[in-house]
Asker: 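Can you read through this structure? Questions will come right after.
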Amino acid sequence: MRNRLLVLLAAVALALPGAASAQSTLRVVMHSDIKIFDPFWTTAFIVRNYGYMVYDTLFALDGNLKIQPEMVEKWDVSDDKLVWTFTLRDGLVFSDGAPVTSQDVLASLKRWSARDPLGQMLYGKMAKAEAVDARTFRLTLKEKTGIVLQALAKPSGNPFIMPRHVAETDPYKQISDYTGSGPFMLKADESKPGEKTVFVKNPRYKPRAEPASGLAGGKVAKVEKVEWVAIADQQTAVNALESGEVDMIEQPQHDLYKLLKADKNVKLEVLNKWGNQYIFRFNQLFKPFDNAKIRQALLYAFVQKDFLDAVIGDPEYYRECKAMFVCDAPYSTTAGFDDKYTGNIAKAKELLKEGGYDGTPVVLMHSTDLYVLTNMAPVAKAAMEKIGMKVDMQSMDWQTLVSRRAKRDAPDKGGWNALITSTGGVDSLDPLTYSFIGANCEKAWFGWPCDDQITKLRQEFADETDEAKRKEIVEKIQLRAAENPTHAFLGQYITATGMRRNITGAVPSPVPVFWNIEKK
């Protein structure tokens, strides 16, 4: 009798709105709060992650980094490789119920190509982009290039598909309509800046039939709601995970891993096996980093291990690497960098003198709320001061930094000289996906480097199909980047995701995704 009563009470409890909501709501602490909701307007990873929640993609990389169709059902390429024809899957609709058409795709691609370096390169080759019918569109090239599918499938900076009327927004203005094409919808009315961002399952979304794999396959939302909970303090976030107040932490602090491993109700999973690379970015519009010699000086002054120890700490999760296009990857080479990142103070001082450094203060932006970045700027400041540079390190939260880095104002007028960020390992594999090597002036990533030689070599790489010749081009690019640096790369690291043991189905992926996840 007692057992029957317990069963009855349990059934009643599950029927209550609060209990059902708890089981169908996934609460996650992401690496940052989000204040920008336009994935074409910024390259910040939190906004990219948001993009995968609410939008779908034409193509995507699977768990083996192979390009797979997503919204596309089939495609055809002419014998001369100049005409590419794509047909969308039947039944695709936006979250407001409107059908996804070729016109939506073309408008999305046009807006994306205005901001994305690889999109710029692809559209530079474009003779015509046109709709054949409601589900079919055609890209006609002026000349052959090997980047068509690579551009449409890139994991960061993907051309997410928006409704035409949204995609026609000026690419240099943020969108205000968040109607999407993906597995979740943003609930702006439930979201509160600095507290939580709320997504609900998109009942109109039509996933592919294949199993989920990386960013490809069937994006089946198995929870009704996902809440990104803003908790800046890592220890507070871990306490919330251990108590069950949250279900996942995207990137728990490395020095808290031991604590999480000791909790029988929590597990750590490395979902992004490709890891990340640290970046020190120069703003070349202003003194002192408008001078290549002064930029070179920092390549000698910096020591990768100093940065990695300051943040990651455990060598199990980091790696020193002098290959710009990351170690153990198809285009790994240390050409031009074997003598860099050695803490050669004498050489750095010599280069500062040759560059005519006159004591101009360096405005170094310091992110305070992302643990993977918080200790980086102080290490850079110490190294720069050691060689005789003046550093004005200005502290701010990550979202403020993301907004400020887009400003081209002088450093003493609200602009900046340098910042530190990180990029995904899969975004660093070659000169096309790696935004930081782009050097096409005002169209380059923030910092706006100009180098005709690098730009020409990147185009040669895009057009070349012979792998041996591609590797030769990569070496030339890297040698030129050592001579005329666009940035300093400061080593590689991986992170684990912390989650309650009742959470299953998390997909290994270079981007954190929330389809396929179940909460038991």
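For clarity, every value in this text was computed on a predicted model and none was experimentally measured.
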Asker: Quick one: pull up NZ in K340 and NZ in K322 and give me the separation to the nearest 0.5 Å.
Answerer: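 NZ of K322 is found 9.0 Å from NZ of K340.
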Asker: Once side chain to side chain contact (heavy atoms under 4.5 Å, CB included) is applied, do any residues pair with V220, and if so which ones, sequence neighbours excluded?
Answerer: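 With sequence neighbours excluded, V220 shows a side chain to side chain contact (heavy atoms under 4.5 Å, CB included) to P207, K222, given in chain and number order.
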Asker: Are P203 and M185 packed together at the side-chain level, in the sense that at least one heavy-atom pair is separated by less than 4.5 angstrom?
Answerer: yes
Asker: With a 4.0 Å cut-off on N to O distance, would you call K471 and E475 a salt bridge?
Answerer: no
Asker: By ring pair (Phe, Tyr, Trp, His ring centres under 6.0 Å), which residues pair with F94, not counting sequence neighbours?
Answerer: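 Checked F94 against ring pair (Phe, Tyr, Trp, His ring centres under 6.0 Å); zero matches.
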Asker: When you check the gap from the basic side-chain N to the acidic O, do D96 and R204 get nearer than 4.0 Å?
Answerer: no
Asker: Please test W112 against F160 for ring pair (Phe, Tyr, Trp, His ring centres under 6.0 Å), starting from the C-alpha separation and ending with a verdict.
Answerer: CA-CA 8 Å; W112 161 78; F160 296 112; over 10 Å; no
Asker: Return yes if some donor-acceptor pair links the side-chain N/O of Q492 with the main-chain N/O of C327 below 3.5 Å, else return no.
Answerer: yes
Asker: Nearest 0.5 Å please: distance from the CE atom of M71 over to the CD atom of E73.
Answerer: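 CD of E73 is found 12.5 Å from CE of M71.
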Asker: Answer yes or no: is there a donor N or O on one side and an acceptor on the other, between the side chain of T197 and the main chain of S191, under 3.5 Å?
Answerer: no
Asker: Is any side-chain N of the basic residue among D328 and R319 closer than 4.0 Å to the acidic one's carboxylate O?
Answerer: yes
Asker: What heavy-atom pair brings A131 and S102 nearest, and what distance separates the two atoms?
Answerer: CB-CB, 3.8 Å
Asker: Quick check, are the ring centers of W75 and F137 under 6.0 angstrom apart?
Answerer: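 No; F137 has its ring centre 6.0 Å or more from that of W75.
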Asker: Begin with the C-alpha distance, continue with both residues' side-chain angles, and end with the deciding distance and a verdict on side chain to side chain donor-acceptor pair (under 3.5 Å) for Y55 and N158.
Answerer: CA-CA 10 Å; Y55 301 107; N158 191 288; over 6 Å; no
Asker: Supply the atom-to-atom distance I437 CD1 to L457 CG, rounded to the nearest 0.5 angstrom.
Answerer: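 One gets 9.5 Å once the value is rounded to the nearest 0.5 Å.
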Asker: Does a side-chain N-to-carboxylate-O contact under 4.0 Å join D247 and K519?
Answerer: yes
Asker: Consider only side-chain N and O atoms of Q251 and H31, and report whether a donor and an acceptor are under 3.5 Å apart.
Answerer: no
Asker: Could you go through F282 and L298, starting from their C-alpha distance and side-chain angles, then the distance that decides it, and tell me whether this counts as side chain to side chain contact (heavy atoms under 4.5 Å, CB included)?
Answerer: CA-CA 10 Å; F282 307 106; L298 295 196; 3.8 Å; yes
Asker: Checking Y278 now: which residues fulfil ring pair (Phe, Tyr, Trp, His ring centres under 6.0 Å) with it, not counting sequence neighbours?
Answerer: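 With sequence neighbours excluded, Y278 shows a ring pair (Phe, Tyr, Trp, His ring centres under 6.0 Å) to Y493, given in chain and number order.
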Asker: Please tell me if the side chains of L215 and V513 come closer than 4.5 Å, counting only heavy atoms from C-beta onward.
Answerer: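 Contact flag for L215/V513 side chains = yes.
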Asker: Please determine whether a side-chain nitrogen of the Lys or Arg among E168 and R164 lies less than 4.0 Å from a carboxylate oxygen of the Asp or Glu.
Answerer: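 Looking at R164 together with E168, the answer is yes, because their closest N to O distance falls below 4.0 Å.
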Asker: Checking T136 now: which residues fulfil side chain to side chain contact (heavy atoms under 4.5 Å, CB included) with it, not counting sequence neighbours?
Answerer: T85, T87, V132, D133
Asker: Mind checking what makes side chain to side chain contact (heavy atoms under 4.5 Å, CB included) contact with N64, not counting sequence neighbours?
Answerer: D62, K66
Asker: Please check if atom CG in D80 has more than 12 non-hydrogen atoms from other residues, nucleotides or ligands closer than 6.0 Å.
Answerer: yes
Asker: Output all residues satisfying salt bridge (charged side-chain N to carboxylate O under 4.0 Å, His left out) with R295, sequence neighbours left out; order by chain, then residue number.
Answerer: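 R295 satisfies salt bridge (charged side-chain N to carboxylate O under 4.0 Å, His left out) with no residue once adjacent residues are dropped.
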Asker: Is it true that Q399 and S32 share a donor-acceptor pair across their side chains at a distance under 3.5 Å?
Answerer: yes
Asker: Would you say the side-chain atoms of S95 pair up with the backbone N or O of T179, donor to acceptor, closer than 3.5 Å?
Answerer: no
Asker: Parallel, tilted or perpendicular for F337 and Y341, by the 30°/60° rule?
Answerer: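 Ring orientation of F337 relative to Y341: parallel.
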Asker: Passes ring pair (Phe, Tyr, Trp, His ring centres under 6.0 Å), Y205 versus W515? Steps please.
Answerer: CA-CA 12 Å; Y205 180 71; W515 54 79; 8.4 Å; no
Asker: Inspect the contact between R27 and E227 and indicate whether a charged nitrogen and a carboxylate oxygen are less than 4.0 angstrom apart.
Answerer: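 Looking at R27 together with E227, the answer is yes, because their closest N to O distance falls below 4.0 Å.
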Asker: Only counting residues at least two apart or in another chain, list the ones meeting side chain to side chain contact (heavy atoms under 4.5 Å, CB included) with E190.
Answerer: K187, V198, K225
Asker: Quick one: salt bridge (charged side-chain N to carboxylate O under 4.0 Å, His left out) pairs with a partner in residues 103-124, sequence neighbours left out?
Answerer: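 Sorted pair list: D38-R111, D116-K154.
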Asker: Do the side-chain N and O atoms of Q284 and N291 include a donor-acceptor pair separated by under 3.5 angstrom?
Answerer: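 No, N291 and Q284 have no side-chain donor paired with an acceptor closer than 3.5 Å.
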Asker: Taking distance alone, no hydrogens or angles, what donor-acceptor pairs closer than 3.5 Å link side-chain atoms of residues 44-53 to residues at least two apart or in another chain?
Answerer:
unit_1 : atom_1 : unit_2 : atom_2 : d
R48    : NH1    : S156   : OG     : 2.9
N49    : ND2    : F45    : O      : 3.3
Y52    : OH     : P155   : O      : 2.7

Asker: For F59, does its backbone N or O pair with a side-chain atom of Q68 as donor and acceptor, under 3.5 Å?
Answerer: no
Asker: Strictly by ring pair (Phe, Tyr, Trp, His ring centres under 6.0 Å), give each pair with a member in residues 459-488 just once, sequence neighbours left out.
Answerer: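 For residues 459-488: Y331-F461, Y434-H487, F436-H487.
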Asker: Name the one of R208, K206, K219 that satisfies side chain to side chain donor-acceptor pair (under 3.5 Å) with D56?
Answerer: K219
Asker: Among F489, F280, Y318, F302, exactly one meets ring pair (Phe, Tyr, Trp, His ring centres under 6.0 Å) together with F307. Which residue is that?
Answerer: F302
Asker: Is it true that W228 and F199 have ring centroids separated by less than 6.0 Å?
Answerer: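 Yes: the rings meet the under 6.0 Å criterion.
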Asker: Taking ring pair (Phe, Tyr, Trp, His ring centres under 6.0 Å) as the definition, give me every residue that meets it alongside Y317, ordered by chain and number, with sequence neighbours left out.
Answerer: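 H254, Y257.
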Asker: I'd like a table of donor-acceptor pairs (distance under 3.5 Å, sequence neighbours excluded) in which one partner is a side-chain atom from residues 439-451, with atom names and distances.
Answerer:
unit_1 : atom_1 : unit_2 : atom_2 : d
N440   : OD1    : A444   : N      : 3.3
N440   : ND2    : Q120   : OE1    : 3.1
W445   : NE1    : T43    : OG1    : 2.8
D451   : OD1    : Q453   : N      : 2.9
D451   : OD1    : I454   : N      : 2.9
D451   : OD1    : R480   : NE     : 3.4
D451   : OD2    : R480   : NE     : 2.8
D451   : OD2    : R480   : NH2    : 2.9
D451   : OD2    : N484   : ND2    : 2.5

